[in-house]
Amino acid sequence: MLEIGLHHESQVQVTEQNTALTLGSGDMEVFATPAMVALMENAAMCAVREHLTEGATTVGTEMQTSHIKASKLGAQITASAELIAIEGRKLEFVVKAWDEVGTIGEGRHTRFIVDRERFLAKL
């Protein structure tokens, strides 16, 4: 059952594959903003997935975030998501990411509950 306060943390290490240089969002070998956003989305998805009805999943629809500090190759990044609001199928999360030094980003994320088969049939 979905309830306010559901929470999850996801982790990744900064490698060449998730740098700004490789992903094309910048030209340095630091953790890419798109990779941080993806990690935050993963934490939100994981926070609720075990609490959905069979055949349901969530899709991200909005991300409002800051990326305030760079993280170097080898750094361990953790992103957390906490469910703060439920409005029908609409789910609101507060998200945050940090490395060993401190906070690297934070914001809010919106996801919607969808029926997996119906969603894919519309594509």
Side-chain angles (χ1 to χ4, degrees):
M1 177 171 174
L2 286 176
E3 58 187 37
I4 302 299
L6 290 175
H7 179 270
H8 186 80
E9 291 183 359
S10 296
Q11 294 187 323
V12 71
Q13 185 171 23
V14 181
T15 66
E16 287 183 20
Q17 288 73 34
N18 57 20
T19 64
L21 179 63
T22 299
L23 295 181
S25 63
D27 61 3
M28 294 191 285
E29 287 193 322
V30 295
F31 192 53
T33 301
M36 181 190 75
V37 168
L39 192 63
M40 289 171 163
E41 283 202 77
N42 179 265
M45 177 196 68
C46 291
V48 299
R49 72 177 168 195
E50 300 298 321
H51 303 275
L52 300 173
T53 60
E54 187 173 336
T57 189
T58 60
V59 293
T61 60
E62 185 176 358
M63 178 67 79
Q64 299 171 357
T65 188
S66 62
H67 191 175
I68 57 176
K69 183 190 152 306
S71 300
K72 64 183 179 178
L73 284 170
Q76 186 72 26
I77 309 297
T78 303
S80 68
E82 180 180 352
L83 183 60
I84 59 168
I86 304 168
E87 298 173 27
R89 296 184 309 117
K90 182 180 177 183
L91 308 176
E92 294 284 339
F93 298 85
V94 65
V95 292
K96 182 177 179 181
W98 62 92
D99 62 14
E100 300 91 342
V101 179
T103 300
I104 66 168
E106 54 195 0
R108 291 178 65 107
H109 176 46
T110 304
R111 299 185 75 77
F112 273 83
I113 300 169
V114 299
D115 178 271
R116 184 183 307 271
E117 287 184 21
R118 284 198 323 241
F119 183 85
L120 292 174
K122 293 178 182 179
L123 300 181

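This one's a predicted model, so the numbers in the text were calculated from it and none came from an experiment.
Residues Arg89 and Val114 are in side-chain contact: their nearest non-hydrogen atoms beyond the backbone lie under 4.5 Å apart. Contact of the Thr57 side chain with the Phe119 side chain is not registered, since no non-hydrogen atoms from C-beta on lie closer than 4.5 Å. The shortest distance between side-chain heavy atoms of His109 and Met40 does not fall below 4.5 Å. Side-chain contact between Gln13 and Gln76: present, with at least one pair of heavy atoms (C-beta onward) separated by less than 4.5 Å.
Hydrophobic clustering (ILVMFWY, side-chain heavy atoms < 4.5 Å, transitive): Trp98 and Val37 are in distinct clusters. Leu52 and Leu120 are members of different hydrophobic clusters when ILVMFWY side chains are connected at heavy-atom separations under 4.5 Å. Leu83 and Met45 fall into different hydrophobic clusters, defined by Ile, Leu, Val, Met, Phe, Trp and Tyr side-chain heavy atoms under 4.5 Å apart, directly or through other members. Linking ILVMFWY residues whenever their side-chain heavy atoms come closer than 4.5 Å, directly or via other members, leaves Met28 and Leu23 in distinct clusters. Under the 4.5 Å side-chain contact rule for hydrophobic residues, Val12 and Leu73 share a cluster.
Interatomic distance, CG of Asn18 versus OG1 of Thr33, reported as 11.5 Å (0.5 Å rounding). In this structure, CD1 on Ile4 lies 8.0 Å from CD1 on Ile84, to the nearest 0.5 angstrom. A distance of 7.0 Å separates CG in Leu6 from CD1 in Ile86, rounded to the nearest 0.5 Å. Taking OG1 of Thr58 as the reference point, atom CZ of Phe112 lies at 11.5 Å (rounded to 0.5 Å).
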Q | Thr78 vs Gln11, side-chain hydrogen bond (donor to acceptor under 3.5 Å, both in side chains): CA-CA, chis, key distance, verdict | A | CA-CA 4 Å; Thr78 303; Gln11 294 187 323; 3.0 Å; yes
Q) Can you list the steps and then say if Thr61 with Lys90 is a side-chain contact (heavy atoms from CB on, under 4.5 Å)? A) CA-CA 10 Å; Thr61 60; Lys90 182 180 177 183; over 6 Å; no
Q: For the pair Ile113 and Leu2, evaluate side-chain contact (heavy atoms from CB on, under 4.5 Å) and give the outcome as yes or no after the intermediate values.
A: CA-CA 11 Å; Ile113 300 169; Leu2 286 176; 3.4 Å; yes
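Note on Asp99 versus Lys72: no salt bridge recorded, every NZ/NE/NH1/NH2 to OD/OE distance being 4.0 Å or above. In summary, Lys96 and Glu82 do not engage in a salt bridge, as defined by a charged side-chain N under 4.0 Å from a carboxylate O.
Considering every non-hydrogen atom in both Leu39 and Ser10, the closest pair reads CD1-CB, 3.7 Å. Closest approach of Phe31 and His67 over heavy atoms only: O-CE1, 3.4 Å. Between Val95 and Met63, the shortest heavy-atom contact is CG2-SD, 4.1 Å. The two residues Leu21 and Glu29 make their nearest non-hydrogen contact at CD2-CG, 3.9 Å. Considering every non-hydrogen atom in both Arg111 and Ala44, the closest pair reads CD-CB, 3.7 Å. The two residues Ser66 and Met36 come nearest to each other via the heavy atoms O-CE, 3.4 Å.
Using modelled atom types, one finds a donor on one side chain and an acceptor on the other under 3.5 Å when comparing Gln17 with Thr15.
With sequence neighbours excluded, no residue forms a side chain to side chain donor-acceptor pair (under 3.5 Å) with Glu106.
Within the 3.5 Å criterion, the main-chain N or O of Ala56 finds no donor-acceptor partner in the side chain of Thr53.
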